[in-house]
Amino acid sequence: MAASFISKCSRGDCSLLRGLGTNVSNLLGTATQMTWSNFLSQHQRTFIQMRTVLKVVDNSGAKKVMCIQPLKGRKGARLGDTIIASVKEAAPNGKVKKGAVVRGVVVRAAMQRGRCDGSEVKFDDNAVVIIDKQGQPVGSRVFGPVPHELRKKKHVKILALAEHIA
């Protein structure tokens, strides 16, 4: 509405407010720039939700997966939750092929999670380990740090395969 008012004034319909129109448009431009920069600086990390692309950190053959649906009927998945995903990139001789629908456990999430001792754990990326229907990992190795919260979620086998527990 303010933009249409300014455009009418700039055409000469409002001769008294002609100079004010350019000042208002300058103010609106700086206001939208400030709100956009505030949005980008205050952008919070969110859940692993539908269409989130995650890195695979085991040697099952998949490299990247896209989340189809978090299990347990929740809006999103956090550390230790199981998701259903589609393989987007895969190694040529791996156990898992591109386009396969797989289950995975979220082992790293960019969203902060509080711990019992008051500290918070937060990772740089979102990562999963691919599992079968029984909950056993498909790969035989897990790369990178894995949080010890997986023990509460009954993913002890993933912790046993991990090279570093955070």
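Residue numbers run from 1 in the order of the sequence given. What you see below is based on every heavy atom in this structure, not just the backbone, and it leaves out hydrogens, waters and symmetry mates. Note that the structure is predicted; figures quoted are calculated from it, not measured.
Side-chain atoms of N59 never come within 3.5 Å of backbone atoms of G139 as a donor-acceptor pair (strictly under, hydrogens ignored). Looking only at distances, no side-chain donor or acceptor of D58 sits under 3.5 Å from a matching main-chain atom of V129.
Here the closest heavy-atom approach between residue D132 and residue R103 is recorded as O-CD, 4.3 Å. Looking at every heavy atom in both residues, V87 comes nearest to A90 through CG1-CB, 4.0 Å. Heavy atoms only, all atoms of each residue included: F47 and G76 are closest at CB-CA, 3.7 Å.
The environment of K153 atom NZ is dense: over 12 non-hydrogen atoms of other residues, nucleotides or ligands sit within 6.0 angstrom. In K98, the NZ atom is not crowded: 12 or fewer heavy atoms of neighbouring residues, nucleotides or ligands sit closer than 6.0 Å. When the shell of 6.0 Å around CG of N93 is examined, it contains 12 or fewer heavy atoms from other residues, nucleotides or ligands.
Residues I83 and V138 share a hydrophobic cluster, clusters being chains of Ile/Leu/Val/Met/Phe/Trp/Tyr side chains in contact below 4.5 Å.
Rounding to the nearest 0.5 angstrom, the gap separating the NZ atom in K88 from the CE atom in M66 is 4.0 Å. Going from atom NZ of K63 over to atom NZ of K55 covers 11.5 Å, rounded to the nearest 0.5 Å. Considering CD1 of I48 and CG of L54, their distance stands at 5.0 Å, rounded to 0.5 Å. With values rounded to the nearest 0.5 angstrom, L79 atom CG is found 11.5 Å from K152 atom NZ. Rounded to the nearest 0.5 angstrom, Q69 CD and S86 OG are separated by 13.5 Å. Between I158 atom CD1 and I131 atom CD1 the span is 6.5 Å, to the nearest 0.5 Å.
Chaining together hydrophobic side chains whose heavy atoms lie under 4.5 Å apart places I84 alongside I68, L71, V101.
The salt bridge (Lys or Arg N to Asp or Glu O under 4.0 Å) test with E149 singles out one residue from R115, R78, R108, K154, and that residue is R115.
A search for side-chain contact (heavy atoms from CB on, under 4.5 Å) contacts involving K97 returns nothing, not counting sequence neighbours.
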Notebook entry, point to check: Does the side chain to side chain contact (heavy atoms under 4.5 Å, CB included) test come out yes or no for V142 and V107, once each step is laid out?
Noted result: CA-CA 10 Å; V142 176; V107 295; 5.5 Å; no
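Proximity of L161 to P137: side-chain heavy atoms (C-beta onward) are separated by under 4.5 Å at one or more points. When side chains are defined from C-beta on, V105 counts as touching L150, because their heavy atoms get closer than 4.5 Å. With contacts defined as side-chain heavy-atom distances shorter than 4.5 Å, the pair L159/V146 qualifies.
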